[in-house]
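Start at 1 and go down the list; that is how both ligands and their atoms are numbered. Residue indices begin at 1 and follow the sequence shown. Just so it is clear, the model here is predicted, and its values are computed rather than measured.
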Amino acid sequence: MGEFELIARYFTRPPAAGGMVARGVGDDCAVLDLGDRWLALTTDMLVEGRHFFAGAEPEALGHKALAVNLSDLAAAGAAPRCFFLALALPQADEVWLAAFSRGMLALADAHGCTLAGGDTTRSSAGGPLTICITAVGETPPGAALSRAGALVGDDLWVSGEVGDAALALERLRSAVAPAQAGAQCLCSTTLGPGLRRGDGALDAIRQRLDRPEPRVALGLRLRGLASSCIDVSDGLLGDLGHIRERSGVGAELLWSAVPRSPTLRAQPPEVEQRCALAGGDDYEVLFTAAPAQRDAVQTAGAAAGVAVKRIGRITAEPGCRVLDADGRMIDTAGLASFDHFAP
Ligand code: ADP
Ligand code: MG
């Protein structure tokens, strides 16, 4: 049983009638209807050894723990308001705590998002460091974006570039000696084409993995413009799958249009394709909009300071077809998205 089947089978129920929950399980954020405004809520957990290497740099970790939550608010087009922090710590290491909180609160301040509560416990002996953040955002009533709503004929768009975070993770995994994993020491100079220890390209892709920038400003500008939206956390094709499923549509993706960095383009084709189409941790937004909105979407991207790229279209035929520059179908059967419980 995969992660999403597990959630669907055991944890998905319709919201109670007459309650405040306008949108429940199945989207980037749940939505509470307060009448004159909507609240968007999301929770995301980072577990040591699962989402980050043991000994990961604490300031970046603090940033990322909040960033992945703000990314879900961005996908809902919600303005961040406050968040809650639950921590299970192996020990109270003040140097670690100072750096972690500095990284987290700097991002919070940049988005005017208040740390409003949480919970702190010691993890059991040898237990992993676990960070769980719940974030709350706000939209005007009815304005929250969702994964449902893509219409046949809509354009498919993505922000920024995809695949660098996955490339960084692959290279770190292969280069980190087990004994030095804690320090994330790059103990090899053979990290793949264009990637050498101590060079700028490697630093840049590591930034994408360690310090993702949630696309909050873009999400806000996509309200009323995008017909559906999701953040790319588990891989482009998998997250597009969530839009397709929730919207009841199919999609056609143009591989040549998928935005990727020169560093990723320099990798062997199968690495490039795997990272861009199935790599996780990009925290870009993937969204759909009517063709009549093309100029408006470009304007929204420019105003938000992030590139937006048209990468395909929504179709009536179910499924997702990935096409090369000559219109031939690319076989993506082997490109699975991230799933915590994949068989
Ligand atoms: P995201 O990647 O945007 O954080 P996920 O893929 O983790 O979203 O989760 C998919 C949906 O399932 C979300 O709506 C999330 O709130 C919901 N969900 C995940 N785990 C649980 C759970 N244990 N109980 C209820 N809902 C859950
Ligand atoms: Mg999400």
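- Of the candidates V25, D231, D72, D72 brings a heavy atom nearest to atom 4 (O) of ligand 1.
- Listed for the S159 side chain is a donor-acceptor partner under 3.5 Å among the backbone atoms of V285.
- The backbone N or O of R260 sits less than 3.5 Å from a side-chain atom of R265, completing a donor-acceptor pair.
- Salt bridge annotation for D281-K64: present, with a cationic side-chain nitrogen under 4.0 angstrom from a carboxylate oxygen.
- Closest to atom 7 (O) of ligand 1 among all protein heavy atoms lies E3 OE2, 4.2 Å.
- Residue contacts with ligand 1: D27 is placed with a nitrogen or oxygen under 3.5 Å of a nitrogen or oxygen of the ligand (distance criterion only).
- The contact set between ligand 1 and D28, taken as ligand atoms under 4.0 Å from a residue heavy atom, comprises 3 (O).
- For residues 71-92, every residue pair satisfying the salt bridge (charged side-chain N to carboxylate O under 4.0 Å, His left out) rule, not counting sequence neighbours, is listed here: R81-E138.
- Nearest protein heavy-atom contact of atom 20 (N) of ligand 1 is I7 CD1, 3.6 Å.
- The shortest contact between atom 11 (C) of ligand 1 and any protein heavy atom is with G26 N, 3.8 Å.
- Every atom of ligand 1 is numbered from 1 in the order shown, and the set under 4.0 Å from a heavy atom of F4 is 6 (O).
- For atom 24 (N) of ligand 1, the closest heavy atom belonging to the protein is F11 CB, 3.3 Å.
- Within the structure, ligand 1 lacks Y10 among the residues with a heavy atom less than 4.0 angstrom away.
- Between R50 atom CZ and L129 atom CG the span is 15.5 Å, to the nearest 0.5 Å.
- Take the Mg ion (ligand 2) as the corner point: the lines to OD1 of D72 and to OD1 of D231 open at 90°, to the nearest 10 degrees.
- Near S233, meaning under 4.0 Å from one of its heavy atoms, ligand 1 places the atoms 2 (O).
- Remark: R147 engages D28 in a salt bridge, criterion side-chain N to carboxylate O under 4.0 Å.
- Residue D295 places its CG atom among 12 or fewer non-hydrogen atoms of other residues, nucleotides or ligands, all under 6.0 Å distant.
- Every residue two or more places apart in sequence or in another chain that forms a side-chain contact (heavy atoms from CB on, under 4.5 Å) with T134 is listed here: T43, F84.
- Contact atoms of ligand 1 toward D44: 4 (O) (distance under 4.0 Å to a heavy atom of the residue).
- For D28, the N, O or S atom closest to the Mg ion (ligand 2) goes by the atom name OD1.
- Between F287 and W157, the ring planes lie parallel to each other; the angle is under 30°, not in the 30° to 60° tilted range.
- In summary, the atoms of ligand 1 found under 4.0 Å from a heavy atom of R147, numbered by their order in the structure, are 1 (P), 3 (O), 8 (O).
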